[in-house]
Number of protein chains: 2
Amino acid sequence: MDKNLKRMATMHRMQAKGLELFYKKGFYNTSIDDILKELSLSKGAFYYHFQSKEDFFISIIQNLIVRKVYSMLIEPIEGESDPLVAIEHCFENALSTAEHNEFDYGFVLGNFINEFNGRNDEISKYLRDIYKVWEVNLVTTLQKGKTDGFVPRHLDSEGVAAYLISSYMGIRMLMVEGNNKNLSYHFMQQTRQYLKSLAVTRLV
Amino acid sequence: MDKNLKRMATMHRMQAKGLELFYKKGFYNTSIDDILKELSLSKGAFYYHFQSKEDFFISIIQNLIVRKVYSMLIEPIEGESDPLVAIEHCFENALSTAEHNEFDYGFVLGNFINEFNGRNDEISKYLRDIYKVWEVNLVTTLQKGKTDGFVPRHLDSEGVAAYLISSYMGIRMLMVEGNNKNLSYHFMQQTRQYLKSLAVTRLV
DNA sequence: AAAAAAACCGACCAAGTGGTCGGTCAGCTA
DNA sequence: TAGCTGACCGACCACTTGGTCGGTTTTTTT
């Protein structure tokens, strides 16, 4: 375990810098040398730790992206009693984090799903799986909210989950081009409006 | 005008195929040769008509993407009397088109904004401008709806516009990975729910 | 039909790309 | 001290990329 320390440290440095650059410039538009240059490491070091560029990115997904999505978007909702309130707070917190840290990696997921779609099936699958877990978690929480009396029984949980995910992916996409504060404020305002409309008896 | 016919035809063939491949595989991940091969044309033909790969893409934006966004998302809303109804119908129609034509280019905008962000400022600007026109148009239409009595006066037009755009961008992003029919059905259902909640007196 | 202009061809180039591989070297063990 | 091993180096390779350019073919003009 101790002797693995250096190994782990180097691998993690590469992964962190790799995610940063892949996120900033795109996977296909970032060369391994770009990453290595910033770390003052060599090609040899890279291929000593990782089999290929693809293998490298998969390790980034598993070690960084998955964990971030879980901690930012899945766990904050999981345990809460009132799903609609929990979702509101979760989104609020996630956007606030995104607003202040330029590279919080809170929702790189969207960008990468986009970039790899139709280009690399294996990576796409890994990314899609994360998204699916999020979706299932939302649906499950909403359903549980029904039995607990927080959510109207007629609510279409899957529809609401899909809509919430859509809007969140969309706003994160818009936020990359600045004016984040205003955007996220507007977004949360309307999300509240939407969530509240779900809580009352169906309109029409 | 007549003498330009062949020129126009060839340029358009290149642009159409270019958009198809750029959309499918990404701009940076598609070579000019990829496009030329499918058209049985040569490098010389390409550089006879376009100055560079970048110039080529800008011409695609101006000739294909702008027009599509206008005809699919801007014009259908512009003239209508009741904005909320117009938006609903517009989204419905846009998603239905997207659902059936795999490459309708209805909202490539999202993908490309994503890909070029932070990588090519000039192209980003062109794309952002299209998005801005859409946004302004939504806001204006909503405001006009207030004076016409279709929209409550307290409505935050800019917030609603941002939210609608977010959700639309998000759903189009999710739809690339299949299961479109189900997704777009859910999305429209929830969009209606949201729009209806706007029409009535503010909740809380 | 001849000349001029427009459209197109494809070999070529410099600059990268992902990936390989023989080698170096610090630190541990015996 | 000698040997071994994990971590790293960097020259090198085959290949792709955007872009150039001298030349050929097709179309239009005269």
Side-chain angles (χ1 to χ4, degrees), chain A residues 1-61 63 112 115-116 119-123, chain B residues 1-61 63 112 115-116 119-123:
Chain A
M1 209 56 177
D2 303 305
K3 47 159 65 174
N4 280 341
L5 227 67
K6 186 165 194 200
R7 178 183 181 80
M8 299 296 253
T10 305
M11 286 176 81
H12 186 267
R13 281 214 308 150
M14 289 178 178
Q15 289 165 337
K17 182 59 76 179
L19 178 54
E20 182 190 326
L21 294 189
F22 288 153
Y23 181 56
K24 224 189 287 190
K25 312 201 304 164
F27 177 79
Y28 292 109
N29 201 32
T30 302
S31 70
I32 295 173
D33 280 332
D34 289 342
I35 300 163
L36 263 12
K37 202 188 300 169
E38 291 211 23
L39 298 173
S40 297
L41 286 170
S42 68
K43 271 257 174 74
F46 181 86
Y47 282 95
Y48 175 76
H49 291 293
F50 303 100
Q51 287 178 25
S52 64
K53 194 185 180 189
E54 186 184 32
D55 171 72
F56 176 55
F57 189 74
I58 290 173
S59 85
I60 289 179
I61 295 177
N63 285 292
F112 287 132
E115 182 169 8
F116 288 107
R119 280 156 237 168
N120 186 314
D121 290 341
E122 193 182 355
I123 292 182
Chain B
M1 209 58 176
D2 305 304
K3 49 158 64 173
N4 281 339
L5 226 70
K6 184 166 194 199
R7 177 183 182 82
M8 298 296 254
T10 305
M11 286 177 81
H12 187 267
R13 280 213 309 150
M14 289 177 178
Q15 289 165 337
K17 181 60 75 179
L19 178 53
E20 181 189 326
L21 294 190
F22 288 153
Y23 181 57
K24 224 190 288 190
K25 312 200 304 165
F27 177 79
Y28 293 109
N29 201 32
T30 302
S31 70
I32 295 172
D33 281 332
D34 289 342
I35 300 163
L36 263 12
K37 202 188 298 167
E38 291 211 23
L39 299 173
S40 298
L41 285 170
S42 68
K43 270 256 174 75
F46 181 87
Y47 281 94
Y48 176 76
H49 291 293
F50 302 101
Q51 286 177 27
S52 65
K53 193 185 181 188
E54 187 185 28
D55 171 71
F56 175 55
F57 190 73
I58 291 174
S59 85
I60 288 178
I61 295 178
N63 286 293
F112 287 130
E115 180 169 10
F116 288 105
R119 278 156 240 168
N120 186 315
D121 290 339
E122 194 183 353
I123 290 181

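Every chain is numbered from 1 and lettered A, B, ... according to where its sequence line falls, protein lines coming before strand lines.
The two residues A:L21 and A:T30 have their closest heavy-atom pair at O-OG1, 3.3 Å. When all heavy atoms are compared, the tightest approach of A:I35 to A:M14 is CG2-O, 4.2 Å. Residues A:S59 and A:Q15 share a closest heavy-atom pair of OG-NE2, 2.9 Å.
One can place CG of A:L41 at 16 Å from C1' of C:dC25, the figure rounded to the nearest angstrom.
Close to D:dC8, at under 4.0 Å from its OP1 or OP2, lies a side-chain N or O of A:T10. At least one side-chain nitrogen or oxygen of A:R7 sits closer than 4.0 Å to the OP1 or OP2 atom of D:dA7.
Panel note: side chain A:E115, backbone A:F27; a donor-acceptor pair is recorded below 3.5 Å.
The list of side chain to side chain donor-acceptor pair (under 3.5 Å) pairs with a residue in residues 44-55 of chain A, not counting sequence neighbours, reads A:E54-A:N120.
For B:E38, the salt bridge (charged side-chain N to carboxylate O under 4.0 Å, His left out) test picks out B:K17, with sequence neighbours left out. Applying the ring pair (Phe, Tyr, Trp, His ring centres under 6.0 Å) rule to B:F46 yields the partners B:F50, B:F56; only residues at least two apart in sequence or on another chain are considered.
Only one option out of A:F22, A:F112, A:F116 pairs with A:Y28 in a ring-ring contact (aromatic ring centres under 6.0 Å, His included); it is A:F116.
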Could you pull out the protein-nucleic contacts involving nucleotides 27-29 of chain C (nitrogen or oxygen on both sides, under 3.5 Å)?
none

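Separation of atoms OG (B:S42) and CD1 (B:I32) is listed at 12.0 Å; rounding is to 0.5 Å.
Residues from residues 28-39 of chain B with heavy atoms under 4.0 angstrom of DNA chain D, sorted by number: B:T30, B:S31, B:I32. For residues 45-60 of chain B, proximity to DNA chain D is found at B:Y47, B:S52, B:K53, defined as any non-hydrogen atom under 4.0 angstrom from a strand atom.
Between B:K25 and B:D34, some side-chain heavy-atom pair lies under the 4.5 Å cut-off.
Of the listed nucleotides (C:dC8, D:dA7, D:dC8), D:dC8 has the atom at the smallest distance from the side chain of A:S42.
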